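Written below as structure tokens is the structure these notes are about.
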Amino acid sequence: MGSAVLGVAIIIALLVIRTAVHELRVPGSGARQWAFLREPWALAVGALTGSVLGVIGWASIGPASMPWAVLAGLLVAGLAARP
């Protein structure tokens, strides 16, 4: 389980660094990139995706799949956000 958490933490760190670099180039862009966290529709879609993948992952792999299910839900929420 430790390697799963480490892998997810690295990917989230890369996303945060990417946001910081964009923010340095264009002020205000970081808030626009993470605006999906304030949209109920995007959060609902992300939560549903994370839940489904969590159940499937738990049944097949065990608790090591939970961090990946959460990351997948976060990424899907970002894609589901309305522009």
Side-chain angles (χ1 to χ4, degrees):
M1 172 116 170
S3 62
V5 172
L6 180 63
V8 171
I10 289 171
I11 292 172
I12 291 175
L14 288 172
L15 291 171
V16 169
I17 290 170
R18 179 177 156 237
T19 301
V21 169
H22 284 293
E23 183 69 26
L24 288 172
R25 292 181 182 163
V26 180
S29 64
R32 285 189 302 271
Q33 286 181 356
W34 293 93
F36 70 91
L37 293 175
R38 285 179 252 135
E39 291 190 26
W41 168 254
L43 290 179
V45 171
L48 179 66
T49 302
S51 299
V52 169
L53 290 176
V55 168
I56 293 170
W58 188 280
S60 62
I61 297 172
S65 66
M66 289 299 108
W68 293 106
V70 170
L71 179 64
L74 179 70
L75 294 175
V76 168
L79 292 174
R82 296 182 182 126

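In this text, all values refer to a predicted model and were calculated from it rather than measured experimentally.
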Exercise. Out of curiosity, Met66 CE to Leu53 CG, how far, rounded to the nearest 0.5 Å?
Worked result: 9.0 Å
Exercise. CG of Leu14 to OG1 of Thr19: how many Å apart, nearest 0.5 Å?
Worked result: 10.5 Å
Problem set entry | Flag, side chain of Thr49 to backbone of Val76, donor-acceptor distance under 3.5 Å | no
Problem set entry | side-chain contact (heavy atoms from CB on, under 4.5 Å) evaluation trace for Leu74 with Val70 | CA-CA 6 Å; Leu74 179 70; Val70 170; 5.7 Å; no
Exercise. Are any of the side-chain heavy atoms of Leu15 and Leu75 separated by less than 4.5 Å?
Worked result: yes
Restricting to non-hydrogen atoms, name the atom on [X] and the atom on [Y] that form the minimum distance, rounded to 0.1 Å.
| X | Y | answer |
| --- | --- | --- |
| Ala42 | Phe36 | CB-O, 3.8 Å |
| Pro27 | Arg25 | CD-O, 3.8 Å |
| Ala31 | Arg38 | O-NH2, 3.7 Å |
| Ile61 | Ser65 | CB-CB, 4.4 Å |
| Glu39 | Arg82 | OE1-N, 3.1 Å |

Report yes or no: do [X] and [Y] belong to one cluster of Ile/Leu/Val/Met/Phe/Trp/Tyr joined by side chain heavy-atom distances under 4.5 Å?
| X | Y | answer |
| --- | --- | --- |
| Val8 | Leu37 | yes |
| Val55 | Leu48 | no |
| Val21 | Trp34 | no |
| Ile11 | Leu79 | no |

Problem set entry | Heavy atoms from other residues, nucleotides or ligands near CH2 of Trp41 exceed 12 (cutoff 6.0 Å) | no
